[in-house]
Peer 1: 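Below is one structure. I have some questions about it.
For the numbers below, each heavy atom of this structure counts, side chains included, while hydrogens, waters and symmetry mates do not. Counting starts at 1 for both ligands and their atoms, in listed order.
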Amino acid sequence: MFDLLKKKLSGFTEKFKKKVEPADEKKEILIQEPVKEPVPKPILKKPKPLEKPTAVQEKPKAVEVLEEAEVEEIAELEEPTTEEAMEIAEIPEEQPRELTAKVSKFGRLKKALGAEITIHESDVKDLLWELELSLLEADVEQTTAEEISKELKQRLVGKKIKKGQNIDSVLKSEIRSVLATIMKTEGLDLEKEIRAKKEKPYRILFLGPNGAGKTTTIAKLTHRLQEKGLKVLWSASDTFRAASIEQLEKHAANLKVRVVKHSYGADPAAVAFDAIKAAQSRGIDVVMIDSAGRQETDSNLMQELNKIVRVTQPDLRIYIGEAFTGQALLQQAQEYDKVAGVDAFILTKIDCDAKGGTTISLLYKLKKPILFVGVGQEYPDLKKFDPEFVLKQVIG
Ligand SMILES: Nc1nc2c(ncn2[C@@H]2O[C@H](COP(=O)(O)OP(=O)(O)O)[C@@H](O)[C@H]2O)c(=O)[nH]1
Ligand SMILES: [Mg+2]
């Protein structure tokens, strides 16, 4: 994804090398005149509009008194039939994206024949501009990209490079170090957290927009925790979207998980309340609360989410977002954080995202851990997020 930047970096390096180690060295300082070219303004891509919910848009009737909630139904565990088996769609092949940034000339480079050269602002101006454009192209949010560029400038300007020193590795290590600092958040060991909780069950609420992958991620995470010997129960608190309960039940049949459900239109908080009670009486380790996808701009539905949080007091609120949503994802997550609180992220469909810059701005702006990334549609397709993966994408 950062191919052009990489090319520019090596071009920059080559120029520097030539200046530091010229074939016919002369004892004088030459200043290469900057080539004056109009600097293009970055064109930010319009955020991808959110998928419209396919379900009925009315807000489900709230059940205010939890004690009066409908009696829980616990889905019977059955062996999955062929018809019930989850449909696994083909994972689309990753489409490499072409960068469109065009900055063809680098700033002036000073020729120094002594033991070392000092990097001046004008030397790195275009390189930084190129970096910024590439970051924007990779879906890094604008102010984050600017911060990265600013930080890098501070580190590079005034830096002395010794004759013979590998400039490429100097630049790479500075970029790596800036990005690593930006992506640093407190880690969260979910399994450890679950086991450390004295009063079972550990409650996890999944929130995020429609179609982001909440229900699928619940199934994947359950599969992962089951492999560690933990027992999981689900709350079918998406009482809004058509067929959402059936979708959850299909996964439940595959994974042999109990589901607490009410009927469509019921209060999602009441369902979750019942699910927690059911888990308590059965010694279940984890309750995962599914929730209906909603636009962060729909204040009624956002308040409903707030109610689920107040009623269930989750130990962890995981925001599920599509990795390729780009800059809009940051905005959405910030709104969810304001209304319901977000403790961590799982980014889905990273298999469809050739960029990964979203992770950089999320970590930089919200300072909350990205626990896992979804890399496909099968149960094992949930991998621990590794910042090294993003760094490799950026600087190779
Ligand atoms: N390729 C890919 N597809 C995914 C991933 N996670 C979820 N999906 C698909 O995204 C679609 C919507 O997922 P769903 O769990 O129903 O989203 P929800 O509305 O947030 O509950 C389904 O077709 C999933 O199979 C992922 O990591 N990679
Ligand atoms: Mg769902």
Peer 1: Counting C-beta onward and ignoring hydrogens, is there a side-chain heavy-atom pair between Lys368 and Asp343 closer than 4.5 Å?
Peer 2: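 SC-SC contact between Lys368 and Asp343 ruled out.
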
Peer 1: Could you check Thr348, Thr216, Leu371, Ile346 and say which one makes a side-chain contact (heavy atoms from CB on, under 4.5 Å) with Leu382?
Peer 2: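 So, applying the side-chain contact (heavy atoms from CB on, under 4.5 Å) to Leu382 and each of Thr348, Thr216, Leu371, Ile346, only Ile346 qualifies.
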
Peer 1: Mind checking salt bridge (Lys or Arg N to Asp or Glu O under 4.0 Å) for Lys160 and listing every partner two or more places apart, or none if nothing turns up?
Peer 2: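 Scan of Lys160 (salt bridge (Lys or Arg N to Asp or Glu O under 4.0 Å), adjacent residues dropped) gives none.
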
Peer 1: Side chain or backbone, does Asp290 bring an N or O within less than 3.5 Å of an N or O on ligand 1?
Peer 2: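 In fact, backbone or side chain, Asp290 has no N or O that close.
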
Peer 1: Would you please determine whether Ala212 falls within less than 4.0 Å of ligand 1 on a heavy-atom basis?
Peer 2: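 Right, Ala212 reaches ligand 1.
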
Peer 1: Which of the atoms of ligand 1 are close to Thr215, meaning less than 4.0 Å from one of its heavy atoms?
Peer 2: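 So the atoms of ligand 1 that pass are 15 (O), 21 (O).
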
Peer 1: Can you sort out which atoms of ligand 1 are near Cys352, meaning under 4.0 Å from one of its heavy atoms?
Peer 2: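 In order of number, 1 (N).
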
Peer 1: Sub-3.5 Å donor-acceptor pair from the side chain of Asp315 to the main-chain atoms of Tyr202, do we have one?
Peer 2: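 Not at all, since once roles are kept as given, no pair shorter than 3.5 Å links the two residues.
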
Peer 1: Check whether any N or O atom of Lys220, backbone or side chain, sits under 3.5 Å from an N or O atom of ligand 1, and answer yes or no.
Peer 2: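 By distance alone, the answer is yes.
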
Peer 1: Would you please test Tyr336 and Tyr319 for ring pair (Phe, Tyr, Trp, His ring centres under 6.0 Å) and show each step?
Peer 2: CA-CA 8 Å; Tyr336 269 78; Tyr319 183 91; 5.1 Å; yes

Peer 1: Which of the numbered atoms in ligand 1 are below 4.0 angstrom from a heavy atom of Lys214?
Peer 2: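 Reading through ligand 1 atom by atom, the close ones are 15 (O), 17 (O), 18 (P), 19 (O), 20 (O), 21 (O).
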
Peer 1: So that I can check it, does any N, O or S atom in Thr216 come closer than 2.8 Å to the Mg ion (ligand 2)?
Peer 2: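 Checking Thr216: none of its N, O or S atoms is under 2.8 Å.
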
Peer 1: Would you check whether Asn210 reaches within less than 4.0 Å of ligand 1, judged by its heavy atoms?
Peer 2: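 Heavy atoms of Asn210 do come under 4.0 Å of ligand 1.
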
Peer 1: Please check whether Gly213 reaches ligand 1 - meaning an N/O of the residue sits under 3.5 Å from an N/O of the ligand, judged on distance alone.
Peer 2: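 Looking only at distances, the answer is yes, because the N/O contact criterion of under 3.5 Å is met.
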
Peer 1: What part of Ser244, side chain, backbone, both or neither, has a heavy atom within less than 4.0 angstrom of ligand 1?
Peer 2: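 Looking at Ser244 and ligand 1, no heavy atom falls under 4.0 Å.
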
Peer 1: Quick test of your reading of the structure: of Thr348, Asp351, Val375, Val373, whose heavy atom lies closest to atom 28 (N) of ligand 1?
Peer 2: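 Of the listed residues, Asp351 has the closest heavy atom.
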
Peer 1: Looking at ligand 1, does Gly293 have a heavy atom less than 4.0 Å from it?
Peer 2: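 Distance cut 4.0 Å: Gly293 fails for ligand 1.
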
Peer 1: Decide whether an N or O pair under 3.5 Å exists between Gly374 and ligand 1.
Peer 2: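 Looking only at distances, the answer is yes, because the N/O contact criterion of under 3.5 Å is met.
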
